[in-house]
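Quick notes on the structure that follows.
As a basis for the values below, the full set of heavy atoms in this structure was taken, side chains included, without hydrogen atoms, waters or symmetry mates.
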Amino acid sequence: MFAAWFPSRTVAFYLARTFLVRSAVVLAGLVLILQTLDLLGESGRILEYPGNGDREVWRYVSLRTPQIIANFLPFSVLLGTIIALSQLNANSEVIAMKSSGLSAHQVLAPLILAACGVALLSFAFNDRVVSRASATLDQWKRINFAPLPMDRGDRVNVWVRDGEDLLSVRKVSGRGNAAQLRDVTLYDRDNGTLMAIIRAPRGTHAGGGWRIGPAQRFDVTTGSVTHLGTITISRGVRPDQFTLSSVNADGLSFGALSRAIDDLRDAGRPTKSLEGALWHKLSGPLSSVLMPLLGAVAAFGLARSGKLFIRAVLGMLLGFLYFMADNFALALGNLGVYPPLLAAWGPFFLFLLIGEVVLVRTEE
């Protein structure tokens, strides 16, 4: 089976090396340009905070670069494929390979195998590096690039609605019924009018509600302050509303996001959009495998016919259409129009079929 798809080891290594080198060069160029442009827009905000300097700017670069690599890796593979195949076609190397008996699929097989390796590396990189960098950068931006507090897995600045009342907690530690609240503020409202503000330094889950204390009540109408001691508030607020108030799919690894979805599902919360993001953590890196197939139109046809440029543009168009369809499907999945599996995998299998049909109809 292996010999049928790769009859010549030398040719296979040559094609894979040509494809990988050009994809890497394109990716490096894109990262350099895009990171420079992004830094021009963000450096002012970073240096605006007192005490920030070159160290914080380089820290931003270290956190932003993995995101750019993850976002543009499939696009770089597409351009690397088109450049490599166009050069092979222009030098008549594709004609030589087909004259020796190789089919179009056998010419593309080394590129697809190399792209599978790129997809595996991309998934590992996204899961171990990009998710952590995204979570840190998102938190850093929320505090306007101020020094980050030590991360102990706590949630900070959580807001929860209880009927008309609003409950604000500065920090939430622990999960489920063991959740501990710090600096609790309850805004007591009646028909949209703020009636009183109740504050307490701590709170725990007990008796179907939240026991806070020692509490003080500030009456907005009279301006008086009343010491309430330990009281129970917000009986309609569940623990998961604090611990799962917001789930950033980009800032979680595949396993962590899967566990968060299970917790949300157990709590009766909607999870469709997060399930789509979970599956896209697999289909996204795997899109690199599609790129050699979509860019294959640049490899075949006579270069001297003057249509090589048109074929290269057609390959780029197919790749761009895939990225557009992928983003569109994810958006519809977030809105609940598409089920999660279809939103994540639909564009992949659709363009796999399109690429295969184009290749078979034109070359096989």
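- A tilted orientation is assigned to the rings of Trp140 and Tyr60, their planes being inclined by 30° to 60°.
- Across every non-hydrogen atom of Thr81 and Ser23, the tightest pair is N-OG, 4.3 Å.
- Here the side chains of Tyr187 and Met195 are not in contact, with every heavy-atom distance at 4.5 Å or above.
- Side-chain contact of His280 with Glu275: a donor-acceptor pair under 3.5 Å is absent, judged by distance alone.
- Not one N or O on the side chain of Thr65 forms a donor-acceptor pair closer than 3.5 Å with the backbone of Ser62.
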Working for side-chain contact (heavy atoms from CB on, under 4.5 Å), residues Ile231 and Ile198: CA-CA 10 Å; Ile231 61 173; Ile198 300 175; 4.2 Å; yes
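- A donor-acceptor contact shorter than 3.5 Å links the side chain of Arg161 to the backbone of Gly163.
- Annotation: side chain of Thr185 is not in contact with side chain of Leu167 (no heavy-atom distance under 4.5 Å).
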Residues Arg45, Glu42; criterion salt bridge (charged side-chain N to carboxylate O under 4.0 Å, His left out); working and verdict: CA-CA 5 Å; Arg45 293 182 55 199; Glu42 293 291 338; 3.3 Å; yes
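- Of all heavy-atom pairs spanning Ala277 and Leu257, the tightest one is C-CD2, 4.2 Å.
- The shortest side-chain heavy-atom distance between Leu27 and Arg22 does not fall under the 4.5 Å cut-off.
- Here the side chain of Ser92 pairs no donor or acceptor atom with the backbone of Ile95 at under 3.5 angstrom.
- In this structure, Ser258 contributes its side chain and Phe254 its backbone to no donor-acceptor pair below 3.5 Å.
- In this structure, Arg235 fails the cation-pi test against Trp210, since its NZ or CZ atom is not both closer than 6.0 Å to the six-membered ring centre and inside 45 degrees of the ring normal.
- Counting heavy atoms from C-beta outward, Ile69 and Leu30 have side chains that stay 4.5 Å or more apart.
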Verdict with supporting geometry, Val118 and Leu20, side-chain contact (heavy atoms from CB on, under 4.5 Å): CA-CA 9 Å; Val118 172; Leu20 290 175; 3.8 Å; yes
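- Side chain of Asn91 to backbone of Gln87: a donor-acceptor contact under 3.5 angstrom is found.
- Looking only at distances, a side-chain donor or acceptor of Ser100 sits under 3.5 Å from a matching main-chain atom of Met97.
- Pro347 and Ala329 get closest at one heavy-atom pair: CG-CB, 3.6 Å.
- Contact annotation: the side chain of Pro214 never approaches that of Thr230 to less than 4.5 Å [non-hydrogen atoms, C-beta and beyond].
- In this structure, a donor-acceptor pair under 3.5 Å is absent between the side chains of Thr10 and Ser8.
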Trace of the side-chain contact (heavy atoms from CB on, under 4.5 Å) decision for Ser253 with Arg128: CA-CA 7 Å; Ser253 65; Arg128 302 298 299 176; over 6 Å; no
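- Of all the heavy atoms in Ser287 and Met291, the pair that sits closest is O-CE, 3.3 Å.
- Put simply, the side chain of Phe323 does not reach to within 4.5 Å of the side chain of Asp326, judged on heavy atoms.
- Not a single ring pair (Phe, Tyr, Trp, His ring centres under 6.0 Å) links Phe19 to another residue, sequence neighbours left out.
- Using modelled atom types and a 3.5 Å distance limit, the side chains of Thr226 and Arg217 yield no donor-acceptor pair.
- The closest donor-acceptor contact from the side chain of Asn52 to the backbone of Ile46 lies under 3.5 Å.
- Counted within 6.0 Å of CZ on Phe218, heavy atoms from surrounding residues, nucleotides or ligands total more than 12; the atom is thus considered enclosed.
- Note: Leu194 CG to Leu166 CG = 9.0 Å, rounded to the nearest 0.5 Å.
- You'll find the side chain of Arg199 stays beyond 4.5 Å of the side chain of Leu186, heavy atoms only.
- Taking Glu56 as the reference, nothing meets the salt bridge (charged side-chain N to carboxylate O under 4.0 Å, His left out) condition, with sequence neighbours excluded.
- Under a 3.5 Å cut-off, the side chain of Gln35 and the backbone N or O of Leu32 do not form any donor-acceptor pair.
- Using cut-offs of 30° and 60° on the angle between ring planes, the pair Trp345 and Phe348 is perpendicular.
- For Arg64, the salt bridge (charged side-chain N to carboxylate O under 4.0 Å, His left out) partners are Asp38, not counting sequence neighbours.
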Verdict with supporting geometry, Leu352 and Leu290, side-chain contact (heavy atoms from CB on, under 4.5 Å): CA-CA 6 Å; Leu352 178 64; Leu290 273 182; 3.6 Å; yes
Test log, rule ring-ring contact (aromatic ring centres under 6.0 Å, His included), inputs Phe145 and Tyr49: CA-CA 7 Å; Phe145 299 103; Tyr49 187 85; 9.3 Å; no
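- Shortest non-hydrogen contact noted between Ser288 and Val77 is O-CG1, 3.7 Å.
- Checked by atom type and distance alone, the side chain of Asn89 never pairs as donor or acceptor with a backbone atom of Leu85 at under 3.5 Å.
- Closest heavy-atom contact between Ala296 and Leu108: CB-CD1, 3.4 Å.
- In terms of modelled atom types and a separation under 3.5 Å, the side chain of Arg189 and the main chain of Glu164 share a donor-acceptor contact.
- Contact of the Leu88 side chain with the Val94 side chain is registered, since non-hydrogen atoms from C-beta on lie closer than 4.5 Å.
- A salt bridge between Arg142 and Asp138 is present, with a side-chain N of the basic residue lying under 4.0 Å from a carboxylate O of the acidic one.
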